[in-house]
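Predicted, not measured: the structure shown is a model, and the values here were computed from it. Numbering of residues begins at 1 and proceeds along the displayed sequence.
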Amino acid sequence: MIRFSRAFPWFLAATLALAALGSIAGCSSSNKKPPKLADTAPVAPATIVWRANTGDAALGFSPAIAGNAVYVASRSGQITGLDVDSGQTLWRIHAETPLSAGPGADTTMIAVGTPAGEVLAFDTRGKPLWRVKVSSEIIAPPTVADGLVVVKTADNRVHGLDGNDGSAKWMLQRNVPPLIVRNTQGAVASRGGLFFGTAGGRLIAVDMASGDVAWDVAVATPKGTTELERIADVTSRPLIEEKHICAAAFQGRVACFEIMQGTLLWSRDIPSYSGIASDETHLYVSDDKGVLHALDKQTGASVWKNELLSRRWPSGPQFVGRDIGVVDIDGFLHVFAAEDGQYLGRLPTDGSPVTAQPQLDGNQMIWQSKQGNIYAVVPR
């Protein structure tokens with residue numbers, strides 16, 4: 001049995017999964033609790049502009065922002081459309097089945113996934129369009145783009161489905177290491193390509209229309225003497241910019257590649273499971289100890305790091321105006337100056353961690369908490 005204390009991030013304790021080829025017994029973590037925050041701190045230069053509750057959430061649940069709407073889902077099957085500017089409920093339906101992931105959306109449709117491996121599609125007003133079954137449980141929000149719905153399943157397959165009727169267009173299968181981290185982060189579509197991370201530390205680019213692999217590169221290489229030590233899965237969404245793509249791996253590194261050929265530009269030994277963000281000059285990442293790093297975007301050289309949230313398991317970083325925000329295990333939004341890492345303050349929420357890296361829409365930082373609250377925060 002694998003046992004984890006609260007000192008181990010709930011989102012990793014919940015995601016370590018054994019394949020049929022191996023098992024681990026008697027593994028336990030330290031019983032230390034996350035360090036307590038100081039009783040007083042500056043108020044973060046941020047304001048909650050709206051909040052909505054959409055039902056309890058878990059890994060694989062994250063707001064999908066498309067056009068003027070935010071689409072959210074709960075584990076029990078509730079799907080809600082919210083106005084992105086006000087948080088006002090536009091519509092609410094029930095899928096009549098528990099959900100394991102979702103939603104994904106574009107301006108034409110929404111898709112969610114179930115533990116039974118079903119993909120459910122709806123139009124942007126919540127009207128059912130189609131329902132199909134794939135190989136196994138859907139573990140990450142679907143990617144909806146270019147007339148396709150792409151889903152990742154627990155058996156390490158990626159399915160490309162026709163957006164009109166859900167019929168299969170292509171399927172890609174990867175080898176599964178004996179022990180993996182359940183990757184609940186979806187793929188990213190850009191310029192006709194689909195980009196996603198896999199178990200074993202790989203980053204893959206696929207032609208969206210055909211499913212053909214364009215390139216397959218290593219973000220991290222598994223190493224160590226035990227299967228637990230050898231986990232080096234890419235567990236965050238790739239970050240895509242004009243000419244390059246970057247990704248981070250659990251027990252691995254952060255690396256950036258040229259986007260057309262997958263040529264490595266630089267890498268740094270900073271393991272992370274929570275996601276990355278960037279601006280004109282820097283790339284920002286929270287490492288697996290909770291330390292926030294800023295790296296030079298062109299070379300990967302360290303610019304600054306802040307250890308204030310060490311072992312408080314902050315989320316992947318996202319922008320609050322020109323500053324950088326992360327949400328810790330107790331739901332506090334912490335804001336740091338992007339230029340030098342100076343701590344600017346904190347803002348309390350509902351006391352529960354995020355289910356995925358916060359997203360950015362205009363100047364709004366938006367996330368979903370484990371308790372099912374959706375927060376939209378803007379700079380103050």
Side-chain angles (χ1 to χ4, degrees), residues 8-9 11-12 15-16 140 156 174-188 195-205 213 215-241 243-279 281-307 309-311 313-318 324 326 341 356-357:
F8 198 83
F11 34 88
L12 284 182
T15 58
L16 281 176
N156 221 23
R174 312 300 296 179
N175 293 329
V176 183
L179 185 64
I180 65 174
V181 174
R182 180 182 170 100
N183 187 352
T184 62
Q185 298 302 309
V188 178
F195 304 86
F196 58 93
T198 73
R202 310 299 295 185
L203 179 65
I204 298 175
V213 175
W215 48 257
D216 178 341
V217 297
V219 176
T221 302
K223 54 186 177 182
T225 57
T226 69
E227 294 298 345
L228 189 62
E229 291 172 335
R230 289 177 59 80
I231 299 175
D233 302 356
V234 177
T235 54
S236 62
R237 282 167 56 90
L239 173 70
I240 295 177
E241 296 195 334
K243 295 182 179 180
H244 65 264
I245 179 170
C246 303
F250 175 62
Q251 295 191 154
R253 61 181 184 171
V254 177
C256 288
F257 304 85
E258 188 274 327
I259 197 167
M260 296 302 295
Q261 303 296 326
T263 304
L264 179 66
L265 301 176
W266 59 262
S267 66
R268 285 289 308 276
D269 288 329
I270 299 177
S272 175
Y273 45 75
S274 56
I276 51 184
S278 72
D279 57 20
T281 56
H282 299 156
L283 184 145
Y284 306 91
V285 58
S286 303
D287 71 20
D288 60 359
K289 300 295 191 298
V291 178
L292 183 62
H293 298 257
L295 308 176
D296 184 281
K297 194 164 67 173
Q298 300 303 317
T299 66
S302 180
V303 177
W304 56 258
K305 68 177 181 178
N306 192 307
E307 300 180 4
L309 302 180
S310 179
R311 292 195 302 111
W313 318 122
S315 68
Q318 193 51 271
I324 289 293
V326 295
Q357 181 181 10

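- Looking at residues two or more places apart in sequence or on another chain, you find a side chain to side chain contact (heavy atoms under 4.5 Å, CB included) between Ala248 and Ser236, Val254, Ser272, Ile276.
- In this view, Asp296 and Thr299 satisfy the side-chain hydrogen bond (donor to acceptor under 3.5 Å, both in side chains) rule, not counting sequence neighbours.
- Note that CG of Leu283 and CD1 of Ile270 are 9.0 Å apart. Values are rounded to the nearest 0.5 Å.
- Annotation: side chain of Ile259 is in contact with side chain of Ile240 (closest heavy-atom distance under 4.5 Å).
- A distance of 10.5 Å separates CZ of Arg253 from CH2 of Trp266, quoted to the nearest 0.5 Å.
- Taking all atoms of both residues into account, the shortest heavy-atom contact from Ala356 to Gln185 is CB-NE2, 3.9 Å.
- Across all their heavy atoms, Ile245 and Pro238 have their closest contact at CD1-CB, 3.7 Å.
- The CZ atom of Arg268 lies 13.0 Å from the SG atom of Cys246; values are rounded to the nearest 0.5 Å.
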Residue pair Thr281, Val303: steps toward the side chain to side chain contact (heavy atoms under 4.5 Å, CB included) verdict: CA-CA 10 Å; Thr281 56; Val303 177; over 6 Å; no
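- In this view, Thr263 and Glu258, Gln261 satisfy the side chain to side chain contact (heavy atoms under 4.5 Å, CB included) rule, not counting sequence neighbours.
- Under the salt bridge (charged side-chain N to carboxylate O under 4.0 Å, His left out) criterion, Lys289 pairs with no residue, sequence neighbours left out.
- Heavy atoms only, all atoms of each residue included: Val219 and Phe257 are closest at CG2-CE1, 4.0 Å.
- Distance check, rounded to the nearest 0.5 Å: CG of Leu203 to CZ of Phe195 gives 8.5 Å.
- Taken from OG in Ser274 to CZ in Phe250, the straight-line distance is 11.0 Å, to the nearest 0.5 Å.
- Between Leu264 and Val217 there is no side-chain heavy-atom pair separated by less than 4.5 Å.
- In summary, of the residues considered (Glu241, His244, His282), a side-chain hydrogen bond (donor to acceptor under 3.5 Å, both in side chains) with Lys297 occurs for Glu241 alone.
- For the pair Pro317 and Ser286, the minimum side-chain heavy-atom distance is below 4.5 Å.
- For the atom pair OG (Ser302) and CG (Leu295), the distance works out to 6.0 Å, reported to the nearest 0.5 Å.
- Taking the side-chain hydrogen bond (donor to acceptor under 3.5 Å, both in side chains) definition, one finds that Asp287 meets it with His293, sequence neighbours left out.
- Asp216 is linked by a salt bridge (charged side-chain N to carboxylate O under 4.0 Å, His left out) to Arg174, Arg202, counting only residues two or more places apart in sequence or in another chain.
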